[in-house]
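A quick write-up on the structure given underneath.
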Amino acid sequence: MAAVTVDPATRHATVVERVLDWYAVHARDLPWRRPEATPWQVVVSEFMLQQTPVERVREPWRVWVERWPSPAALAAAPSGEAVRAWGRLGYPRRALRLHRAAVAITKEHDGQVPADRETLLRLPGIGAYTAAAIASFAFGRREVVLDTNVRRVLARVDGGVAFPAASQTVAEVAAATAFVPDEPERAARWAVAVMELGALVCVARSPRCDACPVQDLCAWRAAGHPAWDGPPRKGQSYDGTDRQCRGALLAVLRSSDEPVALGELAAAWPDEAQRTRCLASLVADGLVVAPTAEHVALPG
DNA sequence: GATGCGTGGCT
DNA sequence: TAGCCAAGCAT
């Protein structure tokens with residue numbers, strides 16, 4: 001097999017070349033990827049895409065960036081409006097963090113989204129992945145953009161296993177870095193392209209290996225697609241959890257333009273002990289305020 | 001490092 | 001059907 005006898009650098013370059021060619025043909029047309037997309041629009045997309053599928057983000061993103069076209073515009077709005085506009089995207093603390101990031105960008109960065117990964121990392125709601133993604137997608141920087149899609153693709157193509165480890169290791173980052181082209185513009189295209197491959201072809205459940213541009217270079221395929229033999233991935237339960245309760249309570253507040261009487265919340269979640277606990281946690285998070293002893297609302 | 005945090009589509 | 005999974009972050 002020629003593929004296994006070539007040197008690693010050539011192999012990496014071949015994988016990159018193939019994935020870039022595939023992306024040029026198969027990339028989805030996502031508005032935040034268009035050339036005219038602003039850094040702020042990229043920031044909004046990245047917050048919304050944290051743990052939320054692309055197709056559910058499209059419409060809320062469109063409405064959001066039209067309403068708040070700059071960090072300053074969002075910073076000037078009440079945080080509760082950000083939470084309301086978040087709608088049913090899930091994990092509403094992200095809306096609050098995005099609002100806080102907008103305030104920080106407005107106050108500390110002259111209203112301009114920072115281009116530097118280290119600076120981005122200091123903003124609320126921006127971790128290692130999002131900082132690298134914004135620097136790469138919005139500013140064309142050379143970054144190691146390692147999200148769940150890329151981790152899975154590299155686990156298979158490079159590592160020969162079905163899934164990446166639960167937690168990211170130094171070795172994994174080093175392995176990913178070896179694929180990143182030197183030239184920033186090409187590196188940025190690689191980042192978005194390999195992520196797209198993971199989202200459309202090298203998916204978690206039923207990968208479409210026959211449509212994969214690097215199927216002949218894939219270590220997992222060469223090994224016969226061995227099943228995942230690592231520790232079972234922890235499934236997230238939901239029914240009856242505080243997360244479901246918080247979601248139900250917040251849904252009531254989003255739908256009301258006025259403070260809601262505590263009694264009204266009982267209809268949304270009958271279990272009083274859990275309701276009280278979750279309401280307190282929502283207040284602690286800053287997602288809810290209590291204007292009177294008997295009423296709650298989204299923050300003004 | 002493990003856990004908590006929403007929501008909905010897919011198999 | 002009942003999990004599994006989705007461009008993670010903060011604590």
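Side-chain atoms are counted along with the backbone in the values below, which use heavy atoms only and exclude waters and symmetry mates. Predicted, not measured: the structure shown is a model, and the values here were computed from it. Per chain, numbering begins at 1; letters A, B, ... match sequence-line order.
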Just the atom pairs and distances: protein N or O near nucleotides 9-11 of chain B's N or O, under 3.5 Å.
none

Q. Are any side-chain N or O atoms of A/Gln244 and backbone N or O atoms of A/Gly240, one a donor and one an acceptor, separated by less than 3.5 Å?
A. yes

Q. Under 4.0 Å between a side-chain N/O of A/Arg94 and OP1 or OP2 of C/dC9, yes or no?
A. no

Q | Gap between atoms CG and P, on A/Asn149 and C/dC5 respectively (whole Å) | A | 13 Å

Q.
Looking only at the side chain of A/Phe163 (C-beta and beyond, no hydrogens), which of the listed nucleotides B/dC5, C/dA7, C/dC5 gets closest?
A. C/dC5

Q.
How many whole angstroms separate atom CE of A/Met48 from atom P of B/dT7?
A. 15 Å

Q: For the pair A/Arg33 (side chain) and A/Arg28 (backbone), establish whether a donor and an acceptor sit closer than 3.5 Å, ignoring hydrogens and angles.
A: yes

Q.
Under 4.0 Å, heavy atom to any atom of DNA chain B: which of residues 125-140 of chain A qualify?
A. none

**Q.** Contact residues, residues 253-271 of chain A to DNA chain C [heavy atom, < 4.0 Å]
**A.** none

Q | Under 3.5 Å donor-acceptor, A/Arg156 side chain and A/Arg221 backbone | A | no

Q: With heavy atoms under 4.0 Å as the rule, sort A/Val150 into base, sugar-phosphate or nothing.
A: nothing

Q) Do the numbers put A/Arg18 on top of the ring of A/Tyr23, so that NZ or CZ is under 6.0 Å from the six-membered ring centre and no more than 45° off the axis? A) no

**Q.** Counterpart residues, side-chain contact (heavy atoms from CB on, under 4.5 Å), relative to A/Arg275 (two or more places apart)
**A.** A/Leu249, A/Leu265, A/Ala266, A/Trp269, A/Glu272

Q. Within this structure, what is the CZ-to-C1' distance between A/Phe47 and C/dA7, rounded to whole angstrom?
A. 13 Å

Q. Could you state the interatomic distance from CG (A/Leu20) to CH2 (A/Trp190), rounded to the nearest 0.5 Å?
A. 7.5 Å

Q. So does A/Glu183 have more than 12 non-hydrogen atoms from other groups sitting under 6.0 Å from CD?
A. yes

Q.
Quick test of your reading: applying side-chain hydrogen bond (donor to acceptor under 3.5 Å, both in side chains), list the pairs with at least one residue in residues 290-300 of chain A, sequence neighbours left out, ordered by first then second residue.
A. A/Thr292-A/His295

Q) Any sub-3.5 Å donor-acceptor pair from A/Gln168's side-chain atoms to A/Arg151's backbone N or O? A) no

Q: Kindly say if A/Gln51 contacts the phosphate of C/dG8, meaning a side-chain N or O under 4.0 Å from OP1 or OP2.
A: yes

**Q.** 5' priority, DNA chain C, between A/Ala204 and A/Leu121 [closest heavy atom]
**A.** A/Ala204

Q: Please say whether more than 12 non-hydrogen atoms of neighbouring residues, nucleotides or ligands are located less than 6.0 Å from CD in A/Glu66.
A: no

Q: Please state whether the phosphate of B/dT7, meaning OP1 or OP2, lies under 4.0 angstrom from any side-chain nitrogen or oxygen of A/Arg243.
A: no

Q) At what distance, to the nearest 0.5 angstrom, does CD1 of A/Ile134 lie from CZ of A/Arg117? A) 12.5 Å

Q: Using a 4.0 Å heavy-atom cut-off across all strands, classify A/Arg93 as base, sugar-phosphate, or nothing.
A: base

Q | Atom-to-atom span, OH of A/Tyr91 to C1' of B/dG8 - whole angstrom | A | 12 Å

(Q) Donor-acceptor pair, distance only, cut-off 3.5 Å: does the side chain of A/Trp220 make one with the backbone of A/Gly159? (A) no

Q | Nucleotide nearest A/Arg246 when distance is taken to its side chain, options C/dA7, C/dA6, B/dC5 | A | B/dC5

Q: Would you mind reading off the distance between A/Trp61 atom CH2 and C/dA6 atom P, rounded to a whole angstrom?
A: 24 Å

Q | Distance, rounded to the nearest Å, where A/Leu200 contributes CG and C/dA6 contributes C1' | A | 13 Å

Q. When rounded to the nearest Å, what value does the distance between P atoms of C/dA7 and B/dA2 take?
A. 22 Å

Q | Evaluation steps, side-chain contact (heavy atoms from CB on, under 4.5 Å), between A/Gln215 and A/Val201 | A | CA-CA 11 Å; A/Gln215 52 179 283; A/Val201 174; over 6 Å; no

Q: Would you confirm whether A/His99, through its side chain, and A/Ala95, through its main-chain N or O, come within 3.5 Å as a donor-acceptor pair?
A: no

(Q) Just the rounded figure in Å: distance from P of B/dC5 to CG of A/Asp285. (A) 9 Å

Q) What nucleotide among C/dC5, C/dA10, C/dA7 has an atom nearest to a side-chain atom of A/Arg97? A) C/dA10

Q. With rounding to whole Å, what would you report as the distance between C/dA6 and B/dC5 at their C1' atoms?
A. 14 Å

(Q) Using heavy-atom distances to pick each residue's nearest nucleotide on DNA chain B, tell me which of A/Gln50 and A/Gln168 is more 5'. (A) A/Gln168

Q) About how many Å separate CG of A/Leu200 and CH2 of A/Trp22, when rounded to the nearest 0.5 Å? A) 4.5 Å

Q: Measure distances between side-chain N and O atoms of A/Glu55 and base N and O atoms of C/dA6, and say whether any donor-acceptor pair falls under 3.5 Å.
A: no

(Q) I want to confirm an ordering. Mapping A/Thr52 and A/Ser167 to their closest nucleotides on DNA chain B, which one lands closer to the 5' end? (A) A/Ser167

Q) Heavy atom of residues 23-35 of chain A under 4.0 Å from DNA chain C: which residues? A) A/Arg28, A/Leu30, A/Trp32, A/Arg33

Q: Measure from CG on A/Leu282 to P on B/dG4 and round the result to the nearest Å.
A: 16 Å

**Q.** Nearest-angstrom distance, P atom, B/dG8 to C/dC9
**A.** 23 Å

Q. Are any of the side-chain heavy atoms of A/Gln50 and A/Tyr91 separated by less than 4.5 Å?
A. no

